[in-house]
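Okay, structure first, notes after.
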Amino acid sequence: MADIKAPVERPLSPHLFIYKPMLTTMMSIVHRITGGALYFGTLLVAWWLLAAASGPNAYAGFGSFMGSFLGRFILLGYTWALVHHALGGIRHLIWDTGRGFGPQERERLAVATLIGSIAWTIIIWVVGYLFMGGPR
Amino acid sequence: MAAGRMSTPLARVLGLGSAKSGTEHFWRQRLTAVANVPLTVTFVVIVVGLLGRNHAAVVQILGSPLVAIIMLLFIASIFTHMRIGMQVIIEDYVHDEVVKLVLLMANTFFAVAIGLACAFAILMLSFKV
């Protein structure tokens with residue numbers, strides 16, 4: 001891995017900051033951030049599964065953390081990140097087919113992802129609380 | 001094809017490009033993305049269905065064959081997806097060669113270790129029932 005220095009300082013293409021921030025830009029950035037958050041969120045999934053496999057005491061310990069304010073806050077963030085990344089991913093799969101690139105279409109897809117992620121997060125939590133008794 | 005002028009016939013046949021792995025990364029990201037959609041929906045349904053249940057009930061449900069198989073598929077798909085996703089993030093932002101290699105290794109170690117831990121727990125739950 002020899003570091004080869006370029007003989008001249010070549011001009012680089014301008015980075016994101018020189019462009020006007022747009023909804024589609026923000027959604028792209030948020031897609032990457034939620035992906036990164038979900039990466040570390042798998043630690044929660046692993047803790048949950050290992051606690052269940054380890055026995056009632058370990059599972060109660062996991063339950064008391066997830067039931068705390070901090071636990072619920074993290075779980076709420078995890079839910080939103082999961083839904084947002086999933087919907088953003090579907091948007092990318094639509095784009096992969098070559099569709100949805102028009103000026104209005106891409107804006108509509110961005111808005112749908114954002115509204116959809118918030119709506120589904122609320123729906124999942126309402127169902128969780130009303131019908132299942134909430135995280136305990 | 002613009003690539004035709006600058007590449008040898010062999011390179012064109014292999015189609016591997018500068019990363020030497022062709023479109024495999026791109027393709028695997030899409031393949032797992034498609035798999036993640038139904039698997040994530042099912043995962044959320046399973047988690048919501050287990051909220052507030054006691055440990056014995058959780059073990060029984062998570063250990064039942066259908067739920068365990070879905071969970072194992074979910075784990076396999078998301079850990080593959082997130083490993084190559086994080087790889088792109090590291091390659092985009094980390095330009096120091098040594099730090100980049102260390103982080104790329106750490107990324108694989110994390111994904112394999114945590115993924116295996118999840119799969120192991122699911123198998124334990126299955127064979128306890």
Side-chain angles (χ1 to χ4, degrees), chain A residues 1-4 31-60 62-63 66-67 75 78-79 82-83 85-93 96-97 120-121 123-136, chain B residues 26 29-30 32-34 36-41 43-45 47-63 71 74-75 78-79 81-83 85-86 88-89 92-93 96-98 100-101 107 110-111 113-128:
Chain A
M1 270 170 299
D3 271 346
I4 300 162
H31 189 70
R32 183 163 276 203
I33 292 172
T34 51
L38 290 167
Y39 182 94
F40 295 105
T42 55
L43 288 170
L44 280 183
V45 179
W47 184 13
W48 173 55
L49 292 171
L50 287 170
S54 300
N57 287 341
Y59 199 67
F62 174 79
M66 291 321 295
L75 196 58
Y78 182 86
T79 313
L82 190 66
V83 175
H85 198 78
L87 293 178
I90 292 169
R91 194 168 54 115
H92 275 281
L93 290 171
D96 282 345
T97 69
W120 273 107
T121 303
I123 290 167
I124 291 166
W125 274 65
V126 166
V127 169
Y129 267 104
L130 286 188
F131 298 98
M132 312 294 170
R136 257 175 237 156
Chain B
F26 176 94
Q29 195 74 38
R30 265 67 187 174
T32 51
V34 170
N36 282 348
V37 175
L39 290 171
T40 300
V41 171
F43 168 72
V44 170
V45 170
V47 171
V48 169
L50 291 175
L51 287 176
R53 288 183 197 264
N54 67 27
H55 178 253
V58 169
V59 170
Q60 197 177 15
I61 293 167
L62 277 181
M71 285 297 295
F74 172 70
I75 294 300
I78 63 158
F79 278 86
H81 187 82
M82 77 177 212
R83 187 182 73 80
M86 186 57 83
V88 172
I89 294 179
D92 276 357
Y93 301 128
D96 183 278
E97 214 43 45
V98 176
K100 186 170 80 184
L101 276 179
N107 176 40
F110 180 89
I114 306 300
L116 189 78
C118 289
F120 183 76
I122 296 163
L123 292 175
M124 260 183 87
L125 289 162
S126 302
F127 297 128
K128 258 184 198 170

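Just so you know, these numbers use all the heavy atoms, side chains as well, and skip hydrogens, waters and symmetry mates.
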**Asked** What part of B:I89 lies closer than 4.5 angstrom to a heavy atom of chain A: side chain, backbone, both or neither?
**Response**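 When you check distances to chain A, atoms from both the backbone and side chain of B:I89 fall under 4.5 Å.
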**Asked** Does any heavy atom of chain A fall under 4.5 Å from the side chain of B:L123, the backbone, both, or neither of them?
**Response** neither
Less than 4.5 Å apart, side chain to side chain, heavy atoms only: is that true for [X] and [Y]?
X      : Y     : result
A:Y59  : B:V59 : no
A:V45  : B:F43 : yes
B:I114 : A:F40 : no

**Complete:** Heaviest contributor of heavy-atom pairs below 4.5 Å to chain B, chosen from A:A46, A:G55, A:A60, A:S54, is A:G55
**Message:** If you count heavy-atom pairs within less than 4.5 Å of chain B, which of A:L38, A:L43, A:V83 leads?
**Reply:**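 Heavy-atom pairs under 4.5 Å are most numerous for A:L43.
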How long is the straight-line distance from [atom2] of [Y] back to [atom1] of [X], given to the nearest 0.5 Å?
X     : Y      : atom1 : atom2 : value
A:L49 : B:F120 : CG    : CZ    : 12.5 Å
A:H85 : B:H81  : NE2   : NE2   : 4.0 Å
B:L51 : A:L75  : CG    : CG    : 7.5 Å

**Prompt:** For B:V58 and A:A52, which heavy atoms make the closest approach, and how far apart are they?
**Reply:** CG1-CB, 4.3 Å
**Request:** For residues B:V48 and A:G128, report the shortest heavy-atom separation together with the two atoms involved.
**Result:**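 Smallest heavy-atom distance, with atoms named: CG1-CA, 4.1 Å.
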**Residue list, side chain to side chain contact (heavy atoms under 4.5 Å, CB included) with A:I33, at least two apart or on another chain** = A:I29
Non-hydrogen atoms of chain B under 4.5 Å away: do they reach the side chain of [X], the backbone, both or neither?
X     : result
A:T79 : neither
A:L50 : both
A:I90 : side chain
A:A51 : backbone

**Request:** Go through the steps to decide whether B:V47 and A:W48 satisfy the test side chain to side chain contact (heavy atoms under 4.5 Å, CB included), and finish with yes or no.
**Result:** CA-CA 10 Å; B:V47 171; A:W48 173 55; 3.9 Å; yes
**Item:** side chain to side chain contact (heavy atoms under 4.5 Å, CB included) between A:R32 and B:D92, worked out
**Value:** CA-CA 12 Å; A:R32 183 163 276 203; B:D92 276 357; 2.8 Å; yes
**Message:** Tell me every residue that passes salt bridge (charged side-chain N to carboxylate O under 4.0 Å, His left out) with B:D96, counting only those two or more places apart in sequence or in another chain.
**Reply:**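 Scan of B:D96 (salt bridge (charged side-chain N to carboxylate O under 4.0 Å, His left out), adjacent residues dropped) gives none.
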